[in-house]
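Below you'll find the structure, written out as structure tokens, and then a few comments.
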Protein chains: 2
Amino acid sequence: MHPLKNLNSLIIEFYDKLSSWEQSVVKETGYTLAQVHTIEVLGSFGPMRMKELAERLGITTGTLTVQIEKLVKSELVERHPHDDDRRSILVGLTVAGEALHKQHNEMHLQLTQDITQPLNQDELSVLTESLRKINQEF
Amino acid sequence: MHPLKNLNSLIIEFYDKLSSWEQSVVKETGYTLAQVHTIEVLGSFGPMRMKELAERLGITTGTLTVQIEKLVKSELVERHPHDDDRRSILVGLTVAGEALHKQHNEMHLQLTQDITQPLNQDELSVLTESLRKINQEF
DNA sequence: AGCAATTAGTTTGACCATCAAAATAATAAA
DNA sequence: TTTATTATTTTGATGGTCAAACTAATTGCT
């Protein structure tokens, strides 16, 4: 048997469960998954241009234009002209957007706390360090 | 600062990267994400009823009906009557479906191998055991 | 400086995924 | 047997997505 078959299954299971969790948590906000994801990125990385945001979200700028339009109407996001390049637009969170981001982030923190409950300090350290290494390998 | 803030960020980063990876790997198959996901579940758990499959996929049976229709046309999936309950339908993979599942699974295994490259045996053990515990907490 | 090529963003048309609700058919319960 | 429940399908509406065509601004070249 493949030595990593087990770990592989655990990773897939973890991914699926995280996915379901996110889905249900997002549903409660009344916004869509794509909208909350956009808010998450803007909240974590701060204001940025459309092109950069689209890249981080893994969607085209065409899709993003429509998405941002809705978020602006919902007053979660603001558009500002870019200082150096008049073709560009800076997209950032409003106060309400920041609040939603903060709230969502706290849900994530709570989940992280909940699911790592059974781990001891050693396991937590190794898990954290392993994840750091793993993320660099992508 | 919140003690798990770091681990939380690493989990989110890992999730996002895995998500991108899956997206690009699926795109190469020529099938959609939803289709491959359905194949993955049927491949891992074997044939099952529509209702059960919909539950595992986290979608309604209405959505699934349309999905399965396409997969049958693509000859990846077969429908068979359920022996005990004539309301039910057993959905399972065809030979071509099995092949796609196997191929996709091997991509996952290869990824797992690649990203865990920098971990030593101890770290691998702890990671595996931690993930097992974490998955039980959802 | 002036023209061409590139770049940022928007718009549009076409799919796909999804859900809720209504419809159909079979089973279970009273 | 009648009624209620369950499994599945169908339908209509909405949202996310892309590719391609378009506009406007910038950069590069001569």
Side-chain angles (χ1 to χ4, degrees), chain A residues 16 19-20 22-42 45 47-74 76-92, chain B residues 16 19-42 47-74 76-92:
Chain A
D16 283 347
S19 202
S20 302
E22 180 80 4
Q23 196 101 28
S24 76
V25 161
V26 162
K27 186 161 286 172
E28 282 169 14
T29 66
Y31 298 103
T32 68
L33 193 58
Q35 286 176 327
V36 172
H37 197 191
T38 304
I39 298 300
E40 272 188 283
V41 170
L42 287 176
F45 296 94
M48 62 185 81
R49 291 176 304 119
M50 292 290 288
K51 185 172 163 53
E52 188 185 351
L53 182 54
E55 266 162 19
R56 280 200 201 272
L57 291 169
I59 59 180
T60 63
T61 54
T63 300
L64 186 58
T65 295
V66 180
Q67 206 57 249
I68 292 297
E69 196 56 52
K70 286 183 213 153
L71 288 171
V72 167
K73 281 210 181 99
S74 305
L76 294 174
V77 159
E78 288 172 334
R79 277 182 283 215
H80 294 111
H82 191 286
D83 287 339
D84 307 340
D85 189 338
R86 275 188 305 169
R87 287 171 308 180
S88 281
I89 286 173
L90 271 184
V91 182
Chain B
D16 283 347
S19 202
S20 303
W21 177 87
E22 180 80 5
Q23 195 101 28
S24 75
V25 160
V26 163
K27 187 161 286 171
E28 282 168 13
T29 66
Y31 298 102
T32 68
L33 194 58
Q35 286 175 327
V36 173
H37 198 193
T38 303
I39 299 299
E40 272 188 282
V41 171
L42 286 177
M48 62 185 83
R49 292 176 302 119
M50 292 289 287
K51 184 171 162 53
E52 187 184 352
L53 183 53
E55 266 163 20
R56 280 201 201 271
L57 292 169
I59 60 181
T60 63
T61 54
T63 300
L64 186 59
T65 295
V66 181
Q67 207 57 249
I68 292 296
E69 196 56 52
K70 288 183 210 151
L71 288 171
V72 168
K73 281 210 180 98
S74 305
L76 295 174
V77 158
E78 288 171 335
R79 277 182 281 213
H80 294 111
H82 191 287
D83 287 339
D84 308 338
D85 189 338
R86 276 188 304 170
R87 287 170 306 180
S88 279
I89 287 173
L90 270 185
V91 182

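Atoms considered below: every heavy atom in the structure, side chains included; atoms not considered: hydrogens, waters and symmetry mates.
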Assign a letter to each nucleotide of nucleotides 22-30 of chain C from its 5' end: B, base within under 4.0 Å of a protein heavy atom; S, sugar-phosphate only; -, no contact.
-> ----BS---

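Note: CG (L53(B)) to C1' (dA7(D)) measures 13 Å, nearest angstrom. As rounded to whole Å, 13 Å separates atom P of dT9(D) from atom CG of L71(B). Nucleotide dC16(C) holds its P atom 11 Å from the NZ atom of K73(B), rounded to whole Å. Taking atom CZ of residue R49(A) and atom P of nucleotide dA25(D), one finds them 17 Å apart after rounding to whole Å. Rounded to whole Å, atom C1' of dA7(D) lies 16 Å from atom CE of M48(B). The CD-C1' distance, from E55(A) to dT17(D), rounds to 17 Å in whole Å.
In terms of heavy-atom proximity, T38(A) sits nearest to I68(A) at CG2-CD1, 4.1 Å. The heavy-atom pair separating I39(A) from V77(A) by the smallest distance is CD1-CG2, 4.0 Å. The two residues T29(B) and V26(B) come nearest to each other via the heavy atoms OG1-O, 2.6 Å. Minimum interatomic distance between T32(A) and Q35(A) (heavy atoms only, all atoms of both residues): N-OE1, 3.0 Å. Y31(A) and V36(A) make their closest contact through CB-CG2, 3.9 Å (heavy atoms, listed as atom of the first residue, atom of the second, distance).
A distance-only check finds a donor-acceptor pair linking the side chain of S74(A) to the backbone of K70(A) [under 3.5 Å].
Within residues 59-70 of chain B, the residues approaching DNA chain C are I59(B), T60(B), T63(B), Q67(B), K70(B), by heavy-atom distance under 4.0 Å. Within residues 24-40 of chain B, the residues having any heavy atom closer than 4.0 Å to DNA chain C are, in order of number, T32(B), A34(B).
A salt bridge links R79(B) and E69(B); the closest N-O separation between the charged side-chain nitrogens and carboxylate oxygens is under 4.0 Å.
Residues E40(B) and E22(B) are in side-chain contact: their nearest non-hydrogen atoms beyond the backbone lie under 4.5 Å apart.
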